[in-house]
Amino acid sequence: MSYANTSPKIMPSLLSADFANLQRSIEQIPDADALHVDVMDNHFVPNLTLGLPVVEAIRKVTDAFLDIHLMIEDPDVWAPEYAEAGAESVTFHVAAAKAPIRLSREIRSKGARVGMALKPATPIEAYADLLGEIDMLLIMTVEPGFGGQKFLDLTLPKINRTRELISSAGLDIWLQVDGGVSSDTIERCAEAGADAFVAGSAVFGADDPNEMINSLRTAAAVPEGGTAQA
Ligand code: DX5
Ligand code: ZN
């Protein structure tokens with residue numbers, strides 16, 4: 001089934017930006033709906049990126065919506081700190097959380113939107129009862145840890161089932177996809193029901209990153225009863 005999506009959000013991942021000059025990378029993409037920031041601790045995933053001090057530094061140079069994606073152990077301890085640092089959205093992996101309901105409520109109490117992430121092999125059904133506690137569900141469309149990986153088509157049925165669960169519960173939850181999202185794959189994600197799209201290498205690997213954001217947004221727009229625009 002195809003889902004109408006007239007206002008897709010494109011969220012470039014800074015993982016593919018210039019780590020020696022993040023401010024300049026951010027200034028290259030004024031049309032981004034959010035800046036997606038990947039925090040990795042070399043424990044939950046086999047890679048190490050950045051943490052709270054860098055997010056605090058980014059906060060000082062931009063008013064953009066900060067979408068923090070925590071790929072770390074102990075999100076129960078760390079996630080609230082990112083909300084306190086002024087991030088608009090903080091996403092934790094449910095597989096890493098000790099108490100996901102308590103953690104979701106704590107993040108919300110600090111004024112940020114709550115995101116909950118599922119790895120490709122993690123089913124949504126086990127967490128359906130938690131949907132009322134969150135503002136965004138992130139479905140990983142690659143194994144988390146690295147940019148530039150190939151999109152996993154096997155995640156599409158889960159995106160569709162998740163959109164059905166959200167719709168039937170009457171909830172206003174963003175459904176985000178992350179990993180391998182590009183002009184080749186974004187339409188499939190949109191038709192399956194995603195409305196928030198993380199793209200790292202597709203955006204920062206483009207000749208004009210800002211133009212790529214707008215072209216991805218057009219491609220992801222699914223009209224009522226129709227299919228995504230090419
Ligand atoms: C991967 C990260 C992604 C990554 C996506 O674990 O969560 O946000 O930056 O990169 P691309 O879009 O290149 O697959
Ligand atoms: Zn990410």
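Because the structure is a prediction, the values reported are computed rather than measured. Atoms within each ligand, like the ligands themselves, are counted from 1 in listed order.
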* Is there a nitrogen or oxygen of Gly180 sitting under 3.5 Å from a nitrogen or oxygen of ligand 1? -> yes
* N or O contact, Gly200 vs ligand 1, cut-off under 3.5 Å -> yes
* To do: Give a yes/no verdict on whether any heavy atom in Asp38 is under 4.0 Å from an atom of ligand 1.
  => yes
* Same hydrophobic cluster for Val203 and Leu22, using side-chain heavy-atom links shorter than 4.5 Å among ILVMFWY? -> yes
* Are Ile58 and Leu15 connected in a single hydrophobic cluster, I mean Ile/Leu/Val/Met/Phe/Trp/Tyr linked by side-chain heavy atoms less than 4.5 Å apart? -> yes
* Asked: Which heavy atom of the protein is the closest neighbour of atom 1 (C) of ligand 1, given with residue, atom name and distance?
  -> Phe146 O, 3.5 Å
* Asked: Judged by atom type as modelled, is there a donor-acceptor pair below 3.5 Å linking the side chain of Asp38 to the main-chain atoms of Ser13?
  -> no
* Among all protein non-hydrogen atoms, which one is nearest to atom 10 (O) of ligand 1, and what is the separation to 0.1 Å? -> Gly147 CA, 3.4 Å
* To do: Between Ser13 and ligand 1, find which residue part has any heavy-atom pair under 4.0 Å and reply side chain, backbone, both or neither.
  => side chain
* Could you establish whether Ala199 and ligand 1 come within less than 4.0 Å of each other, counting only heavy atoms on the residue side? => yes
* Show which atoms of ligand 1 fall inside a sub-4.0 Å distance from at least one heavy-atom site of Pro144. => 6 (O)
* To do: Considering just N/O/S atoms, say which atom of Asp178 is closest to the Zn ion (ligand 2).
  => OD2
* Considering residues, nucleotides and ligands other than Asn21, do more than 12 of their heavy atoms fall under 6.0 Å from its CG? -> yes
* **In one Ile/Leu/Val/Met/Phe/Trp/Tyr side-chain cluster, 4.5 Å: Phe92, Leu118** => yes
* Structure fact -> When distances are taken from atom 3 (C) of ligand 1, the protein heavy atom at minimum range is Asp178 OD1, 2.9 Å
* Asked: With a 4.5 Å limit on heavy-atom distance, are the side chains of Ser25 and Phe19 in contact?
  -> no
* State the atoms of ligand 1, each with its element, that fall below the 4.0 Å cut-off from a heavy-atom position in Met71. => 6 (O), 7 (O)
* Can you name the N, O or S atom of His69 that is closest to the Zn ion (ligand 2)? -> ND1
* To do: Show which atoms of ligand 1 fall inside a sub-4.0 Å distance from at least one heavy-atom site of His36.
  => 8 (O)
* Mark up the atoms of ligand 1 that fall under 4.0 Å of a heavy atom belonging to His69, in ascending order. => 7 (O)
* Find out whether Glu143 and Pro120 are in side-chain contact, i.e. whether some heavy atom of one side chain is under 4.5 Å from a heavy atom of the other. => yes
* Please check if the side chain of Thr185 supplies one atom and the backbone of Gly180 the other of a donor-acceptor pair under 3.5 Å. => yes
* Asked: Do any nitrogen or oxygen atoms of Gly145 come within less than 3.5 Å of a nitrogen or oxygen of ligand 1?
  -> yes
* **Neighbour count above 12 (heavy atom, 6.0 Å) for Leu48 CG** => yes
* Asked: Which residue, Asp31, Asp208, Ile10, forms the side chain to side chain contact (heavy atoms under 4.5 Å, CB included) with Asn214?
  -> Asp31
* **Angular separation of Asp38 OD1 and His36 NE2 about the Zn ion (ligand 2), given to 10°** => 90°
* **Stepwise side-chain hydrogen bond (donor to acceptor under 3.5 Å, both in side chains) test for Asp67 and His69** => CA-CA 6 Å; Asp67 172 42; His69 177 193; over 6 Å; no
* Asked: Is the distance between the ring centroids of Phe44 and Trp78 less than 6.0 Å?
  -> no
* Structure fact -> Numbered in order shown, the ligand 1 atoms found under 4.0 Å of a heavy atom of Gly179 are 14 (O)
* Structure fact -> Numbered in order shown, the ligand 1 atoms found under 4.0 Å of a heavy atom of Val198 are 8 (O)
* Taking only heavy atoms of Ser201 into account, list the atoms of ligand 1 that are under 4.0 Å away from them. => 11 (P), 12 (O), 13 (O)
